[in-house]
Amino acid sequence: MALRFAPSPSGHLHVGNLRTALVNWLCARKEGKPFILRLDDTDRERSSEAFADAIDEDLRWLGLDWDQRVRQSDRLARYAKAFETLKALGRVYPCYETPEELSLRRRALLTAGKPPVYDRAALKLSAGERAGLEAAGRQPYWRFQLEPGVVEWDDGIHGTIRIDVGTLSDPVLVRADGAPLYTLSSTVDDINLNITRIIRGDDHVTNTAPQIQLFRALGAGVPAFAHLGLLHGPGGEPLSKSLGSESGRDLRAMGIEAQALASYLATVGTSDPVRLAPMGELTEAFDIGRHNAAPATFDRVVLEGLNAQVVHALSYNEVRAKLYVAGLPHATEAFWLAVRANCTKVRDAVEWWPVVAGPVDPLVDDAAFAAEAAALLPPAPWSDTTWKAWSDAITAKTGRKGKALFQPLRRALTARDHGPEMRALLPLIGPDRTRARLAGTRA
Ligand code: GLU
């Protein structure tokens with residue numbers, strides 16, 4: 001009894017893949033079942049070690065761990081054995097068409113307004129014709145012969161799904177060079193690794209019917225399936241690896257925090273509101289039945305809102321290394337605590353650094369008022385009570401209060417209309433810079 005996430009190491013994980021991984025992990029942890037990371041790397045040309053390492057790194061970053069990690073390239077003997085079983089059962093047959101011939105036939109069917117289903121021409125070849133083709137150098141590839149009829153399953157998200165197998169081509173299980181293809185290797189592994197529940201994207205719904213027939217042909221029980229509505233980009237396009245802009249690592253490089261992304265991906269496309277929660281709570285709340293069959297839009301603005309909530313609560317120790325990398329080696333705890341509420345991402349702190357460390361080109365609209373305020377500055381040392389003492393003194397002297405008092409001071413000291421609390425900023429700016437800026441000098 002286990003769940004699995006089965007990426008192909010042929011690219012970086014995009015947010016849709018991360019969501020599938022997370023949902024399987026949450027389900028496994030909630031049900032107390034093992035979670036297996038399976039690398040679908042039988043396509044040696046498209047798979048790489050670097051992508052495999054990146055998958056581990058991205059999953060760990062998101063907060064996921066696994067009980068077992070397997071690679072399909074280590075399990076070829078198992079696929080070969082299952083293939084022999086299928087051959088003995090007469091459920092696979094050799095085919096000889098070239099990709100060009102297949103594509104010509106497909107196009108002809110489409111032109112005639114028919115579904116482009118493989119016509120099983122190879123099934124009609126006589127032994128002699130097959131021998132002739134092989135003598136002429138054609139190596140067979142092998143298809144699984146689907147049984148006619150309707151395959152039905154109770155999908156954890158869609159409810160009952162029925163697929164008429166007559167609308168599908170017999171899937172290729174083994175290529176002419178002997179390499180097993182996904183339908184075979186995935187099913188064999190799901191059997192061998194005792195996968196009892198498969199949660200994956202909607203794009204796999206039509207694969208499920210042949211896979212169910214294959215589970216049965218190999219004498220195995222059929223796992224429970226659940227197909228998640230896909231995540232779409234803002235323009236309605238499905239997210240895919242080719243849309244590198246939505247890869248998990250790009251989001252990370254842009255300053256998205258793991259907790260924000262995990263919370264977002266656990267709740268987007270469900271009947272629950274998107275909310276920030278620790279992994280434990282997300283696990284507790286997990287319920288596959290709350291996931292929608294309809295596509296969900298990946299909304300960066302909502303994600304950034306969650307990210308801001310995470311960032312506002314990060315301690316100095318948690319961000320120290322990030323501030324360093326962002327180019328702020330001298331950022332202090334007081335600085336971080338002053339600015340974090342104004343940051344959506346940790347690196348937004350960079351914008352505020354010149355306010356405390358200079359230089360700032362002050363915005364002084366009323367020089368006389370600024371000079372009057374400068375004369376009332378309390379003596380050093382300054383603390384977070386200095387701002388109140390100073391503004392009280394200004395009110396007492398000038399009668400100004402509220403916005404008429406704070407706005408000109410904020411503009412002079414920070415060159416902005418909005419920002420972190422002046423109470424926290426003032427002692428960080430310090431007396432020298434404060435005086436210079438009130439006098440209209442860049443400091
Ligand atoms: N390697 C397949 C994919 O990434 C796995 C699909 C599945 O979960 O069965 O699409």
Side-chain angles (χ1 to χ4, degrees), residues 2-28 33-48 51-52 54-56 58-59 64 66 68-76 78-79 82 144 151 153 155-158 161 163 168 171-173 175 179-215 218 220 222-231 238-244 246-248 265 288 291:
L3 284 94
R4 47 71 160 182
F5 172 56
S8 310
S10 56
H12 288 304
L13 298 176
H14 60 73
V15 288
N17 302 131
L18 288 174
R19 176 177 175 234
T20 303
L22 175 71
V23 169
N24 278 285
W25 183 89
L26 289 171
C27 185
K33 293 182 183 146
F35 174 67
I36 297 173
L37 170 59
R38 184 185 91 199
L39 295 172
D40 286 2
D41 62 347
T42 51
D43 187 339
R44 304 303 281 168
E45 273 152 43
R46 295 181 55 227
S47 304
S48 86
F51 284 134
I55 287 172
D56 288 4
D58 291 353
L59 294 178
L64 310 189
W66 44 91
Q68 200 183 346
R69 179 181 186 273
V70 300
R71 316 173 65 116
Q72 291 200 319
S73 53
D74 291 336
R75 303 168 64 82
L76 299 175
R78 287 185 167 83
Y79 315 137
F144 177 54
V151 172
W153 73 94
D155 194 275
I157 294 171
H158 292 256
I161 296 187
I163 292 187
L168 306 175
V172 177
L173 297 191
R175 285 196 323 209
L181 287 185
Y182 162 72
T183 306
L184 177 65
S185 53
S186 180
T187 307
V188 169
D189 282 338
D190 288 335
I191 296 170
N192 278 312
L193 297 167
N194 198 17
I195 303 301
T196 43
R197 189 197 283 278
I198 296 176
I199 308 173
R200 57 189 180 188
D202 251 359
D203 48 339
H204 284 290
V205 164
T206 45
N207 291 334
T208 301
Q211 286 176 12
I212 287 177
Q213 287 205 357
L214 198 49
F215 278 106
L218 291 168
V222 177
F225 286 95
H227 291 88
L228 297 162
L230 293 185
L231 272 186
L239 295 176
S240 74
K241 275 181 215 169
S242 51
L243 273 167
E246 307 299 357
S247 83
L265 294 179
I288 192 67
H291 282 264

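Residue numbers run from 1 in the order of the sequence given. Every value quoted in this text rests on a predicted model; they were computed, and no experiment measured them. Both ligands and their constituent atoms are indexed starting at 1 by order of listing.
The residues R4 and D189 are annotated as not salt-bridged, no charged nitrogen and carboxylate oxygen being separated by less than 4.0 angstrom.
Side-chain atoms of R38 and S186 include a donor-acceptor pair closer than 3.5 Å. Side chain to side chain, Q211 and Y182 meet the donor-acceptor criterion of an N or O pair below 3.5 Å.
Atoms of ligand 1 found under 4.0 Å from any heavy atom of R4 (numbered from 1 in listed order, with element): 7 (C), 8 (O), 9 (O). With ligand atoms numbered from 1 in the order given, ligand 1 contributes 7 (C), 8 (O), 9 (O) to contacts under 4.0 Å with heavy atoms of R200. Atoms of ligand 1 lying under 4.0 Å from any heavy atom of D40, numbered from 1 in the order shown and given with element: 1 (N), 2 (C), 5 (C).
Any N or O atom pair closer than 3.5 Å counts here, and P7 shares no such pair with ligand 1.
Checking D43, D41, D40, T42 one by one against S73, the side-chain hydrogen bond (donor to acceptor under 3.5 Å, both in side chains) holds for a single residue, D41.
Scanning for side chain to side chain donor-acceptor pair (under 3.5 Å) contacts around H227 gives D155, R200, T208, with sequence neighbours left out.
When heavy-atom distances to ligand 1 are checked against a 4.0 Å cut-off, Y182 comes that close only through its side chain, counted from C-beta outward.
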